Amino acid sequence: MITRTKFDPKEIESKWQTKWEADHIYNASDESSKPNFYNLVMFPYPSGDLHMGHWYNYSPFDTYGRFKRMQGYNVMQPIGFDAFGLPAENAAIKRGIQARTWTLANIENMRKQLRAMGAQWDWQREVITCLPDYYQWTQWLFLQFYKKGLAYRTKAPANWCPGCNTTLANEQVLADGTCERCGSLVERREIDQWLLKISSYAERLLDFSEVTDWPEKTITMQRNWIGRSEGAEVRFTSTIGDKQEEIPVFTTRPDTIYGVTFFVLAPEHPWVNKITTPEQRAEVNAYVEQARRMTEIERMSSDKEKSGVFTGAYVTNPVSGEKTPVWIADYVLMSYGSGAIMGVPAHDQRDFAFARKFGIPIREVIRAEEDEVSDPATWSEAKEALGVMVNSGPFDGTPGEEAKARIIQFIEEKGIGHSTINYRLRDWLISRQRYWGAPIPIVYCAEHGTVPVPEDQLPVKLPENVQFKATGESPLRYEPEFLNTTCPICGGPATREADTMDTFIDSSWYYLRYADAHNSEEAWSQEKMEKWLPVDQYVGGVEHAILHLLYARFFVKALHDMGHLNFDEPFKRLFHQGMVLGSDGQKMSKSRGNVEAPDKYVDKYGADTVRCYMMFIGPFEAGGLFRADNLEGVWRFLNRVWSLVGETWVNKPDTRETSESKAIERLRHKTIKRVTEDLSHFRFNTALAALMEFNNVLIKQQRDAVAQSQAYRDALQTLLQLLAPFAPHIAEELWHQTGHANSIHTTEWPAYVEEMTRDDIFTLVVQINGKVRERIEVAADISEEEVRTLALNNERVQSFIGQASVQKVIYIPGRLVNIVIRNN
RNA sequence: GGGGCGAUGGCGGAAUGGUAGACGCAGGAGACUUAAAAUCUCCCGGCUGAAAGGCUGUGAGGGUUCGACUCCCUCUCGCCCCA
């Protein structure tokens with residue numbers, strides 16, 4: 001016995017945290033002979049507090065990283081802060097405190113909380129995106145994109161609040177379309193903005209062949225978001241003034257072109273003004289105005305009643321030669337395709353609803369073979385399936401895919417269109433008319449127009465003391481010292497771009513910077529990049545499945561093409577944790593009043609208990625309910641480990657083998673196997689259950705003679721090592737109390753021998769017609785013949801068989817035997 | 001409306017097509033204690049039985065199989081994503 005002290009997490013946790021940090025045991029070496037492993041978790045926004053979700057996310061993540069370290073990897077596990085963004089500005093306005101001050105104070109507090117988790121963070125690689133030594137390189141990256149023509153400026157629609165006289169981010173627009181600050185109805189306005197040409201990478205982003213382990217769900221979501229569709233662009237014609245003009249439409253169904261009975265422009269389409277007849281103008285203008293006030297989501301909603309207005313104009317169908325009326329309707333979006341569609345009500349559901357509403361004729365031009373001839377006026381919905389062309393002049397009788405191909409061939413020959421691929425993915429709008437972000441490194445010169453800031457003049461520094469407007473408008477627009485500059489080309493007076501970059505830009509490359517966080521000469525060196533990247537394991541919420549992860553992939557592919565990276569997928573393996581919910585099964589939120597702060601429980605039970613509890617809730621990917629009661633379970637478990645090791649450790653173990661010691665040794669190997677396999681597959685809950693079982697068995701035998709054995713002492717030692725990734729402090733403390741001088745976290749993960757995980761006896765289950773009737777202890781190497789004899793001669797089994805005849809005996813080695821009988 | 005995921009004791013959950021409910025919480029009984037807390041021991045799906053045991057049971061209904069929580073079909077409910 002070595003100790004009878006009480007388990008006091010407070011004391012040991014701060015002791016070991018200090019010691020680990022002083023010894024730098026978690027700072028990944030750039031020069032290690034071990035294989036590198038880059039273990040990454042999505043970095044937090046510095047809201048000021050580490051909440052339950054962070055603990056739920058980081059505890060298993062850290063346990064996994066510790067497991068990999070003990071398995072012999074040189075693990076890099078960095079942490080940092082996604083520190084730009086709107087909340088800092090809101091705090092600045094509300095509390096009269098500078099955004100930078102607020103953010104850095106929050107970071108300071110969160111660092112403390114992150115340290116208290118006892119995770120193996122490599123603090124030497126910390127990145128903070130709002131500091132100039134980081135955003136200098138964000139700006140540098142922007143310039144690289146600009147040089148390659150991947151960053152451009154154009155008029156793009158933005159959320160505009162007429163009350164505040166400013167643009168709003170999507171998050172600032174409430175669900176009812178009003179401004180969160182002043183309540184005005186938000187409009188969409190065309191404003192000059194910067195975009196990144198992600199659309200030119202659409203095809204490449206659809207290729208996931210370089211990732212090794214991503215959730216299929218996430219890949220599907222990205223594919224749908226990119227929204228590739230094959231089809232044709234067809235140019236309709238119209239006479240405007242005295243000129244014949246062409247207007248392109250995109251369709252995935254060129255085979256339905258004879259079914260066009262109307263034509264629709266998006267309300268903001270440039271043609272609307274040109275072609276509307278004087279009689280229709282007032283009505284059209286009113287409709288355009290109304291559509292402008294709606295969000296795209298509202299407009300696209302399929303259960304919304306269709307609306308639209310006739311323009312008075314007509315276009316000519318270039319294939320059939322027919323004239324069709326031109327409408328405008330808000331279900332057509334300017335941002336998809338060409339902002340114009342051919343209306344085929346018979347074979348497109350939305351067109352069908354529109355035609356029904358406005359009494360537009362519906363003409364069937366595709367018929368499924370089994371279909372009877374019927375009047376489209378009697379249909380209740382459009383027939384969207386492929387079929388044979390009818391009512392289509394010379395094309396009648398052409399089936400399915402061939403029909404599409406023949407129309408495409410026809411329009412290409414006539415020069416009135418061509419086959420094409422359309423993507424739903426739009427270019428990435430990165431301008432934010434905000435203060436707290438990385439300034440876009442561009443100046444405007446009367447002489448030279450748009451001029452990029454030369455790389456050696458970076459960073460373009462964000463002024464740190466600014467006056468906020470009550471409206472929330474960006475103070476950068478009123479900072480002459482920031483705005484007024486000189487043209488890098490001619491030295492003449494010039495104005496800086498006052499917009500800052502979307503914070504998704506910051507997070508699109510932070511994982512690259514971790515590899516070389518303090519490089520003041522370049523964003524990263526080739527050497528460090530090649531050493532650490534791509535990321536081996538990435539863990540983060542499914543809410544980032546589309547935007548963040550798609551943007552990061554785009555960055556890496558573009559930077560790869562520019563020669564800055566030697567790989568083109570950033571994250572080899574990806575894991576999405578589930579969400580931790582309140583005890584009522586609802587998402588934690590202030591309004592529901594079910595928010596639980598982790599600090600309270602860390603204070604009461606210690607970090608080890610909270611970490612373990614987070615992992616014990618259930619499968620990591622599934623999330624689960626936080627129930628304070630259940631913390632008691634893991635708390636008791638850790639206490640039992642504490643007293644077991646303290647009371648049972650012997651310095652001079654008995655090395656003789658007994659059947660009991662062999663059984664302990666077998667259990668030790670079995671447990672290593674279970675925990676190793678569970679951790680490899682992110683099954684933290686069952687790994688902990690295995691440790692609890694192991695602990696329970698050892699406790700049961702703690703007063704027996706076997707507790708004096710070498711095997712038992714080995715078992716205690718293994719228990720501590722297996723527990724170390726989960727509960728790093730208590731494991732370290734007990735490791736030292738049992739006479740070890742090194743850190744348990746630098747020890748090698750225990751190995752198991754497959755042979756030792758197998759028992760020499762097992763419980764043979766005897767079923768009769770699939771029902772368990774008897775259990776017999778038998779030797780592991782029992783033959784099938786012996787099993788048959790044993791089972792059939794068993795007294796209980798006999799009594800169940802009675803007069804019935806045995807039809808069949810099925811033996812599953814090592815498990816069970818099923819006797820199939822039939823009553824005579 | 002489309003797609004995906006899920007539904008197992010009072011609760012969280014566990015089960016390569018092979019002993020359903022591991023592990024833990026809550027609950028019950030007992031030990032220790034002047035008492036309580038802590039700790040320890042036992043019990044703990046339902047029905048039935050003194051017990052041994054029997055029957056039944058993984059959202060509902062069907063199917064495949066010697067055997068189904070697990071595979072297939074239909075339905076109900078819940079969550080997520082897209083519309």
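As the structure is a computational prediction, the values presented were derived from the model and not from experiment. Per chain, numbering begins at 1; letters A, B, ... match sequence-line order.
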**Asked** Taking the side chain from A:His347 and the backbone from A:Ile366, do they hold a donor-acceptor pair closer than 3.5 Å?
**Response** yes

**Message:** With syn defined as a glycosidic angle within 90° of 0 and anti as the rest, where does B:G46 land?
**Reply:** anti

**Message:** Please give the stem ranges for RNA chain B, sorted by first residue number, where a stem is three or more consecutive Watson-Crick or G-U pairs and both donor-acceptor distances are under 3.5 Å.
**Reply:** B:1-7 with B:76-82, B:10-12 with B:23-25, B:27-31 with B:39-43, B:45-48 with B:53-56, B:59-63 with B:71-75

**Item:** Comparing A:Ala622 and A:Leu688 on RNA chain B - which has the more 5′ nearest nucleotide
**Value:** A:Ala622

**Complete:** Picking from B:U39, B:A22, B:G13, the nucleotide nearest the side-chain atoms of A:Asn685 would be B:G13

**Message:** Do the side chains of A:Arg683 and A:Asp678 get close enough for a salt bridge, i.e. N-O under 4.0 angstrom?
**Reply:** yes

**Fill in**
Ranking A:Met221 and A:Gly618 by the position along RNA chain B of their nearest nucleotide, the one closer to 5' is A:Gly618

**Message:** Near RNA chain B, counting only heavy atoms under 4.0 Å, which residues of residues 222-230 of chain A show up?
**Reply:** none

**Asked** So, the side chain of A:His54 versus the backbone of A:His51: is there a donor-acceptor pair under 3.5 Å, distance only?
**Response** yes

**Prompt:** CD/A:Glu665 to OG1/A:Thr718 distance, rounded to the nearest 0.5 angstrom?
**Reply:** 7.5 Å

**Message:** How would you summarise protein contacts on nucleotides 42-50 of chain B per nucleotide, using B for base, S for sugar-phosphate only and - for none, with heavy-atom distances below 4.0 Å?
**Reply:** ---------

**Request:** Would you indicate, yes or no, if B:G10 has its OP1 or OP2 atom less than 4.0 angstrom from a side-chain nitrogen or oxygen of A:Arg627?
**Result:** no

**Prompt:** For B:G4, does either OP1 or OP2 sit under 4.0 Å from a side-chain N or O belonging to A:Lys217?
**Reply:** no

**Request:** Report the nucleotide, chosen from B:G54, B:C82, B:G18, that has the shortest atom-to-atom distance to any side-chain atom of A:Arg424.
**Result:** B:C82

**Shortest non-hydrogen separation from A:Leu719 to A:Leu698 and the atoms involved** = CD2-CD1, 4.3 Å

**Asked** Has A:Arg640 got a side-chain N or O lying under 4.0 Å from the OP1 or OP2 atom of B:G24?
**Response** yes

**Request:** Determine, for A:Arg703 against A:Glu647, whether the closest basic-nitrogen to carboxylate-oxygen distance falls under 4.0 angstrom.
**Result:** yes

**Request:** Compare side-chain N and O positions of A:Arg683 against OP1 and OP2 of B:A15 and report whether any pair is under 4.0 Å apart.
**Result:** no

**Of the listed nucleotides B:G13, B:G54, B:A26, the one nearest the side chain of A:Phe800** = B:G54

**Prompt:** Considering only heavy atoms and no angle criterion, is a donor-acceptor pair shorter than 3.5 Å present between the side chain of A:Asn818 and the base of B:C66?
**Reply:** yes

**Prompt:** Between A:Asn639 and B:A38, does any side-chain N or O lie under 4.0 Å from OP1 or OP2?
**Reply:** no

**Asked** Quick one: is B:C40 close enough that its OP1 or OP2 comes under 4.0 Å of any side-chain N or O from A:Arg703?
**Response** no

**Request:** Among B:U39, B:G53, B:G18, find the nucleotide with the atom closest to the side chain of A:Arg796.
**Result:** B:G53

